[in-house]
2 protein chains.
Amino acid sequence: MTSRQIESALSRAQLICKIRGARLTPLRRRVLELILSSDQPTGAYSLLAELRRGRGKLGPPTVYRALEFLLANKLIHKVETSSAFIACGDIEHPHETQFMICDDCGATEEIRDDEIVQILRRLGEGRGFAVERQVIEARGLCPACRSAQR
Amino acid sequence: MTSRQIESALSRAQLICKIRGARLTPLRRRVLELILSSDQPTGAYSLLAELRRGRGKLGPPTVYRALEFLLANKLIHKVETSSAFIACGDIEHPHETQFMICDDCGATEEIRDDEIVQILRRLGEGRGFAVERQVIEARGLCPACRSAQR
DNA sequence: AATTGACTGTTATAGCATAACGAACCAAGA
DNA sequence: TCTTGGTTCGTTATGCTATAACAGTCAATT
C-alpha cells in the first residue's frame, strides 16, 4: 500500500468513526496505520514494539485495547489461525470475511464470498444455533510458493 | 459418552493405528481417552493436569506431542477459536470438519457438510491456492442458551 | 471548580505452545 | 547377542499470546 493509500484509508476510517460517534484517537489511529502499512497480518507484540519506538515503554493492554476498538468497528480483522491482525479491505461495507493463508510465506488474502457465509449460517440455523461470528480460513500454499516448490 | 462407548472408540483407534503402522502408545491412548471422556473440548493444560494425577510431574511437551500424534492421525480435531481439542466423531472416515460453538456455555458441535468444503476449496483454486486444511467455525448461541436468554 | 466517563499507562499474571537436550525404549540387521 | 539407529518420552527453560486489576489523565458537562 502506498502512503497515499494509507492516508486515504485513515481518513475514511476517521469519517466512519465520526459518523458512528466512535473515537479514533491518536493511539488507535496509529495502530491502524501500522496495520495498514503491513501487507501481511501483524501480531499484537510486533505492533507493540513499533509503538514503543515512538512512545517509550508501553504494556500489552495498550495495544490490545486499541485492537479491540478497531475490531469492534470492523476496521480490521483478526486472522485466528495466525493470531494476527490485518486491515479490512472494505470498511464502508461491514461483512463476514474469509482468508486464504500460505503456510510457507504467510501471505494472507482476504476473500469475500456470500454463498459460503449463507451456507454456514443455514447450517447453524438448522441446528438451532444463532450464529454471531464466522471464522473461515483456508491454509495451504499460495501460487508463488506452489511454483517455487516444483 | 458411556465408558463402553469410550472403550469401543479406543479399540477402533488402536486398530486404525495398527493398520497404518502408527503406534498408539499408552500415553497417547490415555490422552485420547481423556478427550473422549469429555463432551466439551479440552485444553492442553487441563489434559496435562489429569495426566499428572496418574503419572506424577510431567511437562507441557509430553501432552502436546501426544496431541500432535492424535491430530496427525485424525483421531481428534483442534477447535482453533477455543484452543482446545475434541474427539473426532468418525475416525474411520477422515474428513474436513466444521464446528458450531456456543459463546455462552462452550458447547461445541461437530458438523460435517461437504458442500461448504467444496466451495471453500474452489474459492482457493480460483485464486491459485492449494488448500491443505480448512478451519470453519461458527460462534454464537446454542439452542439451550438462546432460550435461557429470553 | 467538581463530577463523570472514556481512554491510556502500568504492573502483574494467566494461558497457550515449543526449543533443546538427554534418557529410555524398541526394532532390525550384523 | 550385540550394536545401531530411530522413535518416544521426560525435563527444564523459554517464548508468545492475552487479560485482570488498578491508577492516572483528559475532556465535556454540570
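Below, chains carry the letters A, B, ... as their sequence lines are ordered, and counting in each starts from 1.
Counting to the nearest Å, the C1' atom of D:dC16 and the CD atom of A:E80 are 16 Å from each other. Rounding to whole angstrom units, CZ of residue B:R30 and C1' of D:dC9 are separated by 17 Å. Between the CZ atom of A:R65 and the C1' atom of D:dA18 there is a distance of 12 Å, given to the nearest Å.
Partners of A:T2 under the side chain to side chain donor-acceptor pair (under 3.5 Å) rule, at least two apart in sequence or in another chain, are A:Q5. Residues forming a side chain to side chain donor-acceptor pair (under 3.5 Å) with A:D113 (at least two apart in sequence, or on another chain): none. The ring-ring contact (aromatic ring centres under 6.0 Å, His included) search around B:F69 returns none, not counting sequence neighbours. Under the rule for a salt bridge (Lys or Arg N to Asp or Glu O under 4.0 Å), the partners of A:D103 that lie at least two apart in sequence or sit in another chain are A:R139. Residues satisfying the side chain to side chain donor-acceptor pair (under 3.5 Å) test with A:Q14, not counting sequence neighbours, are A:R29.
For residues 71-126 of chain B, every residue pair satisfying the ring-ring contact (aromatic ring centres under 6.0 Å, His included) rule, not counting sequence neighbours, is listed here: B:H77-B:H95, B:H77-B:F99. Applying the salt bridge (Lys or Arg N to Asp or Glu O under 4.0 Å) test to every pair with at least one member in residues 37-52 of chain A, sequence neighbours left out, gives these pairs: A:E50-A:R53. Here salt bridge (Lys or Arg N to Asp or Glu O under 4.0 Å) pairs that include residues 9-18 of chain A, with residues two or more places apart or in two chains, are A:R12-A:E92. Here salt bridge (Lys or Arg N to Asp or Glu O under 4.0 Å) pairs that include residues 59-71 of chain B, with residues two or more places apart or in two chains, number zero.
Taking 4.0 Å as the cutoff to heavy atoms of chain B, we find the contact window on DNA chain C bounded by C:dC16 to C:dA20.
For A:R20, the CZ atom sits in a packed shell: over 12 heavy atoms of surrounding residues, nucleotides or ligands are nearer than 6.0 Å.
Against DNA chain C, the stretch residues 50-64 of chain B makes heavy-atom approaches under 4.0 Å through B:P60, B:P61, B:Y64.
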Any protein N or O atoms within reach of nucleotides 4-8 of chain D? Criterion: under 3.5 Å, listing atom names and distances.
unit_1	atom_1	unit_2	atom_2	d
D:dT8	OP1	B:R28	NH1	3.2
D:dT8	O5'	B:R28	NH2	3.2

